[in-house]
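The basis for the numbers below is simple: all heavy atoms, side chains too, and nothing from hydrogens, waters or symmetry mates. Quick note: residue numbers are just sequence positions, from 1.
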Amino acid sequence: AACRSARHNDTVCCPACGHEVQAKDAGRGRSQLVNAAVVAVTQRTRNGGILLSFVRVYEDYRYGFKAAPEMGGLLYAAYFNLGQHFVAERSYYCDDMFISVKQKPTRKLPCTVEPAKLDHNSWKCTEGEGAKLLGFEEALEKSNLRYLPWETYHECAQQLHRSAIANYPVNLLGLLYQYSRHPVLTERLIKEGNSDLVAEQVEWNCTTGMDYKQVVPYKAMRLTKPEYRMIKAKYKICCSTLRATAALKKYGCKMSDKNILFFLAFQYTWSPQKCYKALDVLRQNLSPQKAINWVNRQAAGYGTPTNVLSDYSDYLDQCRRLGLDVNRKEVAVPQNLRDLHRQYSEELTRRANEKKAKEQAERSKKLAKDLPKLKRKYAYASSGLFIRPAEGPEDLLKEGCAQHNCVYSCYTEQYLDRKTDILFVRKQSNPDQSYVTVEFKNGAVIQCRADHNRPAPPDVQEFMQAWLAYLKSNRKTKAVS
């Protein structure tokens, strides 16, 4: 048994002679050298279209290292032509193929030019493996889609994923779907060096608000020719760049480097909509360009315009909570946002603390009325120890500091609301020094901790058993009486 479970180069005892030997792995036999893979077979149809058939095959090394297709193994099919497309997919409940003419090929079936194996022998391709392409380039050259710059797009899409895997699979079905609907625009975008824009739309499903009725790239991007040339010379045209230029035009600002960078910074924040809403408030009191200049001036103490607009949004909320009219220009456009934001934060914190202290004082008064009753109920002394309830928030604060626990920060509100009871175990010889903190709720001891949340000493544990028995006997006495 030890020999059978041994790994390669492990030292084991020989079952025949009893000597120590080194185990060697003999490898797998040829009968086990069988792999499964998905192959995307590409064919040119009579009308000039392309048909991709995804078939599961077995690479069987037992019989001449040949790949044999599975019987009835057509898993997915997609047809593309100029202005036409359809997909056919096998149903999960029967062996029929269902064809949808208008359906977008949403199933993620990435393709690669390199051989790829399946994950756990499942036909669903993983993003890191994909399906092996067979005859794609030959069929593409003879079809109506022959002007598709496939190689340029494939290289750009692989760089977009930034994967360490060589020949990382790309979404070929998504590219063919977009090219079949907008062939001229897609071709010109890729050939003019805007492959990043196409790759982001196909691989990541990014939206840019482009006008796909146009066939000229700069018109589809809703830019003028000089604007397109200026942006292309200084920036990489991608979805973020187009969203920034669209926002710039929406706010009526000049197409300059400074303004483009201003709106481009919004695309890399967690909450771009928050920044735009804050900018809308500024536009009610300032012209678009003056609003941008105001943000840039305030950014001298913040670092980035997005930080300014994020804090400005919080500042407006603070003004409303303090009862200030944000429609007034002197309130909506402060000269020093950073100082006012900090000043209003301190004021709101002070008011919240006062309100909390007032509420706590009212509940403390109520606790003070109930304290004699709690002392009669819980007070007990035995074996040099005694137990008493906490007298209020100050008592809990002193206990938390002395015991280095969270009794004040976590249990003050619960104790004042009478949701739980906090009691202190002290030595009779030193009644003012903290010893053990107890939480008692619903007739049971929830926690009994010494300093630094350590378990209670043995003498306290014995004392607590006697105390519980005392409480039980008191309940029985009251019930009898």
*asked:* When you measure from the side chain of Ser143 to the backbone of Leu140, do you find a donor-acceptor pair of N or O atoms at a distance under 3.5 Å?
replied: yes
_Nearest non-hydrogen partners of Leu282 and Ala332, listed with the distance_ = CD2-O, 4.0 Å
*When you look at Glu192 and Tyr218, which way does the side-chain hydrogen bond (donor to acceptor under 3.5 Å, both in side chains) test go after all the steps?*
CA-CA 11 Å; Glu192 289 186 13; Tyr218 72 84; over 6 Å; no
*Which residues satisfy the side chain to side chain donor-acceptor pair (under 3.5 Å) test with Ser287, sequence neighbours excluded?*
none
*Is the backbone N or O of Ile292 less than 3.5 Å from a side-chain atom of Asn259, with the two atoms forming a donor-acceptor pair by type?*
no
*Does a donor on one side chain sit under 3.5 Å from an acceptor on the other, for Gln318 and His341?*
yes
*At what distance, to the nearest 0.5 angstrom, does CD1 of Ile231 lie from CE of Met221?*
9.0 Å
*What's the spacing between Arg229 CZ and Leu223 CG if we round to 0.5 Å?*
13.0 Å
*Non-hydrogen atoms of Thr152 and Ser195 that approach each other most closely*: CG2-OG, 3.7 Å
*asked:* If you define the side chain from C-beta out and look only at heavy atoms, does anything of Leu340 sit under 4.5 Å from Asn336?
replied: no
_Between Glu413 and Arg363, does any side-chain N to carboxylate O distance fall below 4.0 Å?_
yes
*asked:* Using the rule given for side-chain hydrogen bond (donor to acceptor under 3.5 Å, both in side chains), can you reason through Glu20 versus Thr11, listing the C-alpha separation, both sets of side-chain angles and the distance that settles it, and then say yes or no?
replied: CA-CA 7 Å; Glu20 288 187 354; Thr11 302; 5.9 Å; no
*For the residue pair Tyr315 and Tyr344, does the interplanar ring angle fall in the parallel (under 30°), tilted (30 to 60°) or perpendicular (over 60°) class?*
parallel
*Does a donor on one side chain and an acceptor on the other come within less than 3.5 Å for Asn81 and Tyr79?*
yes
_For Thr306, is there any backbone N or O sitting under 3.5 Å from a side-chain donor or acceptor partner on Ser310?_
no
*Check the angle between the aromatic planes of Phe263 and Tyr276 and answer parallel, tilted or perpendicular using the 30° and 60° thresholds.*
parallel
*If every non-hydrogen atom of Arg328 is compared with every non-hydrogen atom of Asn285, which pair is closest and at what distance?*
C-OD1, 4.5 Å
*Distance from Asn144 atom CG to Leu82 atom CG, nearest 0.5 Å?*
5.0 Å
*Return yes if some donor-acceptor pair links the side-chain N/O of Asn194 with the main-chain N/O of Ile190 below 3.5 Å, else return no.*
no
_Salt-bridge present (Lys219, Asp211; N to O < 4.0 Å)_ = no
*Could you walk me through whether Ser53 and Gln43 pass side-chain hydrogen bond (donor to acceptor under 3.5 Å, both in side chains), step by step?*
CA-CA 8 Å; Ser53 304; Gln43 295 174 311; 4.6 Å; no
_Atom CD of residue position Gln335 - does it have more than 12 heavy atoms of other residues, nucleotides or ligands inside 6.0 Å?_
no
*Tell me yes or no: between the side chains of Gln447 and Tyr411, is some donor less than 3.5 Å from an acceptor?*
yes
*Do Arg351 side-chain atoms and Leu348 backbone N/O form a donor-acceptor pair below 3.5 Å?*
no
*asked:* So that I can tick it off, tell me whether Glu346 and Arg350 are bridged by a salt bridge, with the cut-off set at under 4.0 angstrom between side-chain N and carboxylate O.
replied: no
_Heavy-atom pair with the smallest gap, counting every atom of Leu337 and Val308_ = CD2-O, 3.7 Å
*Separation between CG of Leu286 and CH2 of Trp294, rounded to the nearest 0.5 Å*: 8.5 Å
*Of all heavy-atom pairs between Pro288 and Arg283, which one has the smallest distance, and what is that distance?*
CG-NE, 4.3 Å
*asked:* Keeping Glu203 on the side-chain end and Asn171 on the backbone end, is there a donor-acceptor pair under 3.5 Å?
replied: yes
*May I ask you to decide if the ring planes of Trp150 and His154 are parallel, tilted or perpendicular, using 30° and 60° as cut-offs?*
tilted
*asked:* Taking side chain to side chain donor-acceptor pair (under 3.5 Å) as the definition, give me every residue that meets it alongside Thr245, ordered by chain and number, with sequence neighbours left out.
replied: none
*asked:* Would the distance check show the side chain of Thr186 and the main-chain N or O of His182 forming a donor-acceptor pair, the cut-off being under 3.5 Å?
replied: yes
*Is any NZ, NE, NH1 or NH2 atom of the basic residue among Glu138 and Lys142 found under 4.0 Å from an Asp or Glu carboxylate oxygen of the other?*
no
*CD/Glu151: more than 12 non-hydrogen atoms of other groups inside 6.0 Å*: no
*Between His85 and Phe80, how do the two ring planes meet: parallel, tilted or perpendicular, split at 30° and 60°?*
parallel
*Would a distance-only check, ignoring hydrogens and angles, find a side-chain to backbone donor-acceptor pair under 3.5 Å from Arg449 to Glu439?*
no
_Between Ser180 (side chain only) and Tyr177 (backbone N and O only), is there a donor and an acceptor less than 3.5 Å apart?_
yes
*Within a radius of less than 6.0 Å around CG of Asp325, do more than 12 heavy atoms belonging to other residues, nucleotides or ligands occur?*
yes
With a 3.5 Å cut-off and sequence neighbours excluded, list the donor-acceptor pairs that the side chains of residues 235-243 form with protein atoms.
| residue | atom | partner | partner atom | Å |
| --- | --- | --- | --- | --- |
| Thr241 | OG1 | Lys236 | O | 2.9 |
| Arg243 | NE | Gln267 | OE1 | 3.2 |
| Arg243 | NH1 | Thr207 | O | 3.0 |

*For the salt bridge (charged side-chain N to carboxylate O under 4.0 Å, His left out) test, which of Asp311, Asp314, Asp280 pairs with Lys274?*
Asp314
*How many angstroms lie between atom CZ of Phe266 and atom CD of Gln273, to the nearest 0.5 angstrom?*
11.0 Å
*Distance-only donor-acceptor check, side chains Thr420 and Gln414, under 3.5 Å*: no
_Ion pair check, Lys249 and Glu227, cut-off under 4.0 Å_ = yes
*OH on Tyr408 to CG on Leu397, rounded to 0.5 Å*: 5.5 Å
_Between Leu185 and Gln214, does the side chain to side chain contact (heavy atoms under 4.5 Å, CB included) criterion hold? Intermediate values first, please._
CA-CA 7 Å; Leu185 178 60; Gln214 304 289 338; 5.8 Å; no
